[in-house]
Amino acid sequence: MKLVVCFPGIGYHCDKPLLYYSRRLARADREVLVQYAYQKPGLRGNPAALRTALDALYAQAEPQLADIAWADYDEVVFLAKSIGTAVAAAYAQRHGIACKLVLYTPLEMTYDFAPKNALAFLGTADPWSDVPAVTAKAGKALYLYPGANHSLECDDVAKNLAVLQDVMAKTRQFLCPAAAVTAADTGINAVL
């Protein structure tokens, strides 16, 4: 059996494109959508405030996941966005959960928890992430999208759709290698 756990960002919920489509690709037997609330301003560019937010979000996620019998699942997938990437990586590390981690627009502090079996996606114009630091820490397990922001978008709708298609193709390859479909297989021309 497969379990998928979604860790959204503060303003990026599980029904937005990156998490919505990746959840559909993962095809879980059970799905858990972590929910948390945090409304304090001044997070961007403030490591101390981000750490406080991480601690608060982690404290909210912990009881939502407490009753899961992790050993009952053959495969566990954590899908995460923004600060949710740090919550997911911290949870996996602290509880010793062997899972696949998909990290959409990870923050630098995500890598403080040494995510294993992870794949990350980041825009080079992401104002929330320290792109050079994340690039150095993620290594080859990171795909960069030139000019894309924290939602992996830019001002060009066609390019945004191509990026989303590419991200989902790579996500699918990571989650389900035998069933992966590339952009070329779809017959749609990419605009990257």
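Side chains are part of it too, since the values below use all heavy atoms of this structure and drop only hydrogens, waters and symmetry mates.
- The shortest distance between side-chain heavy atoms of C176 and L25 does not fall below 4.5 Å.
- When the shell of 6.0 Å around CG of D155 is examined, it contains 12 or fewer heavy atoms from other residues, nucleotides or ligands.
- Nearest heavy-atom pair across A118 and A141 is O-CB, 3.3 Å.
- At distances below 3.5 Å, not a single donor-acceptor pair connects side-chain atoms of K40 with backbone N or O atoms of A53.
- By the criterion of side-chain heavy atoms lying less than 4.5 angstrom apart, applied directly or through intervening Ile, Leu, Val, Met, Phe, Trp or Tyr residues, I68 is grouped together with V76 in one hydrophobic cluster.
- Between the OH atom in Y38 and the CG atom in D55 there is a gap of 9.0 Å [rounded to 0.5 Å].
- In this structure, Y36 is a member of the same hydrophobic cluster as V5, with clusters built from ILVMFWY side-chain heavy atoms closer than 4.5 Å.
- K159 approaches P146 most closely through the heavy-atom pair NZ-O, 3.1 Å.
- Checked by atom type and distance alone, the side chain of K100 pairs as donor or acceptor with a backbone atom of F174 at under 3.5 Å.
- Taking every heavy atom of both residues into account, R44 and P127 meet most closely at NH1-CB, 2.9 Å.
- Between Y12 and P17, the closest side-chain pair of non-hydrogen atoms falls below 4.5 Å.
- In plain terms, the two heavy atoms of D156 and A158 that are nearest each other are OD1-N, 3.0 Å.
- Linking ILVMFWY side-chain heavy atoms closer than 4.5 Å, directly or via other members, places Y104 and Y111 in two distinct hydrophobic clusters.
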Next item on the list: Would you sort out whether D72 and L3 count as a side chain to side chain contact (heavy atoms under 4.5 Å, CB included), showing the intermediate values?
Entry: CA-CA 9 Å; D72 289 352; L3 169 68; over 6 Å; no
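- Of the possible polar contacts, none joining the T105 side chain to the L122 backbone as a donor-acceptor pair under 3.5 Å is found.
- How far CG of L54 is from CG of L43: 11.0 Å, rounded to the nearest 0.5 Å.
- Side-chain atoms of R23 come within 3.5 Å of backbone atoms of C14 as a donor-acceptor pair (strictly under, hydrogens ignored).
- L107 contributes atom CG, which lies 6.0 Å from atom NE2 of H150 (distance to the nearest 0.5 angstrom).
- Remark: of the listed residues D166, V163, N160, V163 is the sole one forming a side chain to side chain contact (heavy atoms under 4.5 Å, CB included) with L152.
- Remark: the backbone N or O of A80 is not paired with any side-chain donor or acceptor of T85 at under 3.5 angstrom.
- Taking CG of L161 as the reference point, atom CD of E153 lies at 9.0 Å (rounded to 0.5 Å).
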Notebook entry, point to check: Between L57 and I10, is a side chain to side chain contact (heavy atoms under 4.5 Å, CB included) present by the stated rule, with each step listed?
Noted result: CA-CA 9 Å; L57 298 177; I10 291 173; 3.9 Å; yes
Note to self: I83 vs W128, test: side chain to side chain contact (heavy atoms under 4.5 Å, CB included). Steps then yes/no.
What the structure shows: CA-CA 9 Å; I83 197 166; W128 284 89; over 6 Å; no
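- Linking ILVMFWY residues whenever their side-chain heavy atoms come closer than 4.5 Å, directly or via other members, leaves Y21 and V34 in distinct clusters.
- In this view, S22 satisfies the side-chain hydrogen bond (donor to acceptor under 3.5 Å, both in side chains) rule with no residue, not counting sequence neighbours.
- A side-chain donor-acceptor contact under 3.5 Å links D74 to the backbone of M1.
- One finds the NZ atom of K170 at 9.0 Å from the CG atom of L119 (value rounded to the nearest 0.5 Å).
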Donor-acceptor pairs under 3.5 Å, side chain of residues 91-99 to any protein atom, not counting sequence neighbours: which ones?
| from | atom 1 | to | atom 2 | distance (Å) |
| --- | --- | --- | --- | --- |
| Q93 | NE2 | F113 | O | 3.2 |
| H95 | NE2 | E62 | OE1 | 3.3 |
| H95 | NE2 | E62 | OE2 | 2.8 |

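- Nearest heavy atom pair, residue A86 against residue M109, reads CB-CG, 4.0 Å.
- Y143 contributes atom OH, which lies 13.5 Å from atom CG of L103 (distance to the nearest 0.5 angstrom).
- Both L18 and L79 belong to a single network of hydrophobic side chains, linked directly or stepwise wherever heavy atoms of I, L, V, M, F, W or Y lie under 4.5 Å apart.
- Across all their heavy atoms, S129 and V134 have their closest contact at CB-CG2, 4.5 Å.
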